[in-house]
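One structure is given here, and the rest of the page talks about it.
A, B, ... follow the sequence lines: proteins, then strands. Residue 1 opens every chain.
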Amino acid sequence: NAGVTQTPKFRVLKTGQSMTLLCAQDMNHEYMYWYRQDPGMGLRLIHYSVGEGTTAKGEVPDGYNVSRLKKQNFLLGLESAAPSQTSVYFCASSSLGLAGVYTGELFFGEGSRLTVL
Amino acid sequence: AQRVTQPEKLLSVFKGAPVELKCNYSYSGSPELFWYVQYSRQRLQLLLRHISRESIKGFTADLNKGETSFHLKKPFAQEEDSAMYYCALSGFTSGTYKYIFGTGTRLKVLA
């Protein structure tokens with residue numbers, strides 16, 4: 001049982017380049033999230049999804065796009081990378097429990113370290 | 001506005017000393033409160049949640065709705081407790097589900 005898997009784990013980009021981070025979960029979770037982690041700022045929510053085909057903006061969505069075409073996958077795209085997007089990106093997922101009661105726990109991937117030069 | 005505040009970026013204690021990591025929150029409603037931990041080179045994982053009222057690895061946290069706090073405590077710190085700790089809250093606001101983290105506190109337990 002792999003849980004939440006992120007690819008790639010490391011990437012170096014030049015300013016203006018584009019890339020996509022892939023998050024895959026095998027727990028059949030409805031909710032998926034993308035966070036960025038920066039020193040002194042903790043985890044900040046970029047975008048999230050409450051189900052296949054749906055996405056919503058989080059706290060810091062500018063410069064990012066997401067897609068959830070399949071329930072198990074949540075893609076985070078950077079159309080034109082900027083040095084301010086240098087960060088560690090975490091994907092997480094969670095389930096909606098029985099009768100729609102939220103179970104609460106987030107399951108995280110190992111993180112993807114992105115450097116934009 | 002919904003917010004989770006962890007006032008300490010770094011907390012250093014000696015082994016065997018009591019530990020208290022502070023967490024205050026602002027939320028209009030009844031949120032669920034959590035503590036997550038990230039050990040070195042490991043992924044973030046749930047440590048405990050307020051609805052479970054359980055003790056994990058000797059840690060406990062009591063939700064104080066009057067003071068809107070959810071401080072994490074352990075009576076005797078161990079070196080293996082050294083890690084990054086995040087307080088988080090979740091809940092529905094205006095039909096939207098939110099999961100918000102604090103900025104984290106790095107705990108260092110000194111030998």
Side-chain angles (χ1 to χ4, degrees), chain A residues 1-7 9-10 23-25 27 29-51 54-61 74 87-97 100-113, chain B residues 1-10 21-26 29-54 56 61 63 70 83-106:
Chain A
N1 190 343
V4 179
T5 304
Q6 294 179 227
T7 53
K9 289 185 171 48
F10 301 93
C23 177
Q25 53 96 2
M27 296 173 283
H29 284 170
E30 292 82 7
Y31 291 83
M32 296 187 75
Y33 314 78
W34 276 107
Y35 289 89
R36 58 178 289 173
Q37 183 185 45
D38 301 293
M41 306 193 77
L43 287 161
R44 292 182 293 169
L45 182 63
I46 305 171
H47 286 280
Y48 66 101
S49 169
V50 300
T54 71
T55 63
K57 293 181 180 180
E59 183 185 358
V60 288
F74 195 30
S87 187
V88 181
Y89 292 85
F90 285 96
C91 178
S93 70
S94 61
S95 69
L96 198 62
V101 177
Y102 184 67
T103 64
E105 181 177 359
L106 291 189
F107 293 83
F108 282 88
E110 292 181 299
S112 298
R113 185 175 293 277
Chain B
Q2 299 97 13
R3 184 180 294 118
V4 175
T5 303
Q6 294 180 250
E8 304 135 331
K9 289 186 177 180
L10 173 65
L21 286 81
K22 291 184 168 53
C23 172
N24 288 90
Y25 67 92
S26 172
S30 297
E32 290 187 67
L33 274 296
F34 308 86
W35 277 99
Y36 283 81
V37 61
Q38 188 176 26
Y39 300 104
S40 178
R41 300 189 190 88
Q42 294 187 27
R43 63 183 72 194
L44 268 156
Q45 58 187 287
L46 179 68
L47 179 62
L48 54 80
R49 67 187 87 183
H50 87 271
I51 58 173
S52 301
R53 303 176 79 69
E54 57 195 345
I56 304 293
L63 178 60
F70 188 56
M84 193 75 178
Y85 291 81
Y86 290 96
C87 182
L89 71 78
S90 70
F92 284 93
T93 302
S94 301
T96 303
Y97 185 74
K98 301 282 188 183
Y99 213 115
I100 302 167
F101 284 81
T103 52
T105 298
R106 182 169 297 282

**Study point:** Atom group of Q37(A) that falls short of 4.5 Å from chain B, counting heavy atoms
**Key:** side chain
Exercise for review: With the side chain counted from C-beta on, respond yes when Y36(B) and F108(A) share a heavy-atom pair under 4.5 Å apart, and no when they do not.
Suggested key: yes
Check your understanding: Just wondering, do L44(B) and Y35(A) contact through their side chains at under 4.5 Å, heavy atoms?
Key -> no
Point-to-point distance, once rounded to the nearest 0.5 Å, from [atom1] of [X] to [atom2] of [Y]:
| X | Y | atom1 | atom2 | answer |
| --- | --- | --- | --- | --- |
| F101(B) | L106(A) | CZ | CG | 5.0 Å |
| I100(B) | L43(A) | CD1 | CG | 12.5 Å |
| Y99(B) | E105(A) | OH | CD | 7.5 Å |

Exercise for review: Tell me, please, which residues at least two apart from E8(B) pass salt bridge (Lys or Arg N to Asp or Glu O under 4.0 Å).
Suggested key: none
**Study point:** Heavy-atom proximity to chain A below 4.5 Å, by part of Q38(B)
**Key:** side chain
Review point. Which residue pairs pass the salt bridge (charged side-chain N to carboxylate O under 4.0 Å, His left out) test with at least one member in residues 37-51 of chain A, sequence neighbours excluded?
Key: R36(A)-D38(A), D38(A)-R44(A)
